[in-house]
Amino acid sequence: FSVENIRNFSIIAHVDHGKSTLADRLLELTGTIDKTKNNKQVLDKLQVERERGITVKAQTASLFYNCEGKQYLLNLIDTPGHVDFSYEVSRSLSACQGVLLVVDANEGIQAQTVANFFLAFEAQLSIIPVINKVDLKNADPERVEKQIEKVFDIPSDECIKISAKLGTNVERVLQAVIKRIPPPKVHRKNPLKALVFDSTFDQYRGVIANVALFDGVVSKGDKIVSAHTKKTYEVNEVGVLNPNEQPTHKLYAGQVGYLIAGMKDVTEAQIGDTLYLHKQPVEPLPGFKSAKPMVFAGMYPIDQSEYNNLKSAVEKLTINDSSVTVHRDSSLALGAGWRLGFLGLLHMEVFNQRLEQEYNASVILTTPTVPYKAVLSSAKLIKEYREKEITIINPAQFPDKSKVTEYLEPVVLGTIITPDEYTGKVMMLCQARRAVQKNMMYIDQNRVMLKYLFPLNEIVVDFYDSLKSLSSGYARDKAHSVGKAVCERLKESLPRQLFEIAVQAAVGSKIIARETVKAYRKNVLAKCYGGDITRKMKLLKRQAEGKKKLRKIGNIEVPKDAFIKVLRTQ
Ligand code: GTP
């Protein structure tokens, strides 16, 4: 294929606006996959993705399409739809020259549409707006067209109205890809310059890196170098994705495909890295950054005897997902475990679900937290920690206030789109979460778009649910309400003892909540009338065994499920 006849593009959309359905239709139309019912959403490979109906890992496919007598190679780079994966979205976008921005004809522009639009806009890509689901009864494509014009400044006549479900107008989308998206600007005669925009791990073949070639050619047997790690590898296999891997002799600049080169885990093929020939070093492509985990949680085996199994499962899963970070950790209550870092809450849930489904491991996940920074107050402390500011990913390691001049926390710019009758309530909710308003505009007659700067910690767990329910009366003093809730849960889970137990929540030395578990002795023989000694013995033995399952903290024996109830997030 001459470069003139190649197009590299992505589909971006708010969750559920129909990105995967459109991708399936494009694959069918170009004969890449058969038109059978089993093909539903071929690009969503993982079981979790199918179950949750969300795309987690980007998948890529090369399509062949004939337009006005010319054969084109269209490389479709599928991107994840959820906010947690915006880093994956932006790195896949860097392999493209254009995007299809899919908007649901019924729901209109949503927050993720806006976020994705700006990622594509900043990458200076051609943007083709596609209004999907025009077959729906309540579809209002004209209103959506106007929103697109107002918010993104794209003339309404550029919108293509389709039904991905029925296939209506999907052919026009392919024609627009050819007409409106430019071919990649590449040089085949220059030395190799390949962008790694995704990578997966195969148990038998090692790391499979998805690459977009900006310059040059790569073939089997070439010696290549990773610009990030400076490690050298020999290429074992190159090929295209149709959407399954199909080996080819070479990959040329302008093409998108895969490469296998004896890399042992995905950290060796980091997203955004540049690969070049050992003989011909080049300047790496700009914009590389390692994925930064923003949500941390403790993970422990439900039973400590499961520790080694869980360890190997976590290791295997992280081979596949370089954005998860792992630190060993231990807790007085839960034993040995890890503190894991994730891109966001959904990422964490997906990881947990994959552990359960693919490795049959059951774990306790503690309430997620965000990383904080503490700026140290004295030269002595700076020397001790060997840093001016320290990053805290574990609440148990929070340094004392006396050592710190300032604490820093991550903030995010959030977009909220709401019917205008809820604007007041939404604004109150944002203020209660310490958010600072940055912008407010009407995107049509009765929809408002708000932009706020949020402390990440305030929104990471339950903000979306609160926003959806907009229930009033949330507490401003969160420490107090959280403390009370934990004490209440503990009180319910602790068995009564021979003495009274005070359950207290404290911030520093200040007690902010208290519950009392009354004294009581459980008499297992109470139901045992008469003198059957063997039965009595049996019951006493069972009670003794039950005690083994308890853990002693001070004078109190705490059942394991009490920890789980208190620390579990769901
Ligand atoms: P993520 O993978 O989470 O980003 O979602 P998505 O954007 O890929 O959405 P998906 O293709 O899974 O579609 C979401 C739902 O909308 C599915 O139930 C589809 O069947 C439905 N859907 C998609 N396109 C159309 C359409 O044109 N008309 C109608 N009526 N429904 C559609």
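Positions are given from 1, in the same order as the sequence printed here. As the structure is a computational prediction, the values presented were derived from the model and not from experiment. Read the numbers this way: they start at 1 and go in the same order the structure lists the ligands and their atoms. The analysis underlying the following values was restricted to heavy atoms, covering all of them including side chains, and did not include hydrogens, waters or symmetry mates.
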(message) Taking 4.0 angstrom as the limit and counting only heavy atoms of Val15, give me the atoms of ligand 1 inside it, by number and element.
(response) 3 (O)
(message) Is there a polar contact between ligand 1 and Ile162, counting only N or O atoms under 3.5 Å apart?
(response) no
(message) For atom 30 (N) of ligand 1, tell me which residue out of Asp135, Val102, Val134, Ile12 has the closest non-hydrogen atom.
(response) Asp135
(message) Taking the ring centre of each residue, are Phe121 and Phe152 less than 6.0 Å apart?
(response) no
(request) Taking all non-hydrogen atoms of both residues into account, name the closest pair between Gln147 and Gly108 and its distance. (result) OE1-CA, 3.5 Å
(request) Taking all heavy atoms of Lys161 and all of Asn169, pick out the closest pair and write down the distance. (result) O-ND2, 2.8 Å
(request) Mind checking whether Lys165 contacts ligand 1 via backbone (N, CA, C, O), side chain (CB onward), both or neither, at a 4.0 Å heavy-atom cut-off? (result) both
(request) Measure from the side-chain N and O atoms of Asn116 to the backbone N and O of Ala13, and report whether any donor-acceptor pair falls under 3.5 Å. (result) yes
(request) Output yes when a side-chain donor or acceptor of Arg339 lies under 3.5 Å from a complementary backbone atom of Thr325, and no otherwise. (result) no
(message) Show me which atoms of ligand 1 lie under 4.0 Å from any heavy atom of Ser20.
(response) 2 (O), 6 (P), 8 (O), 11 (O)
Please output the side-chain donor-acceptor pairs of residues 129-137 that fall under 3.5 Å, not counting sequence neighbours, one pair per line with the distance.
from, atom 1, to, atom 2, distance (Å)
Asn132, OD1, Ala164, N, 2.8
Asn132, ND2, His17, O, 3.0
Lys133, NZ, Asp16, O, 2.7
Lys133, NZ, Asp104, OD2, 3.2
Asp135, OD1, Ser163, OG, 2.9

(request) State whether the shortest distance between N or O atoms of Gly18 and N or O atoms of ligand 1 falls below 3.5 angstrom. (result) yes
(request) For ligand 1, indicate whether the residue Asn132 contacts it via side chain, backbone, both or neither (heavy-atom separation under 4.0 Å). (result) side chain
(message) Below 4.0 Å, non-hydrogen atoms only: which portion of Leu136 touches ligand 1? Side chain, backbone, both or neither.
(response) side chain
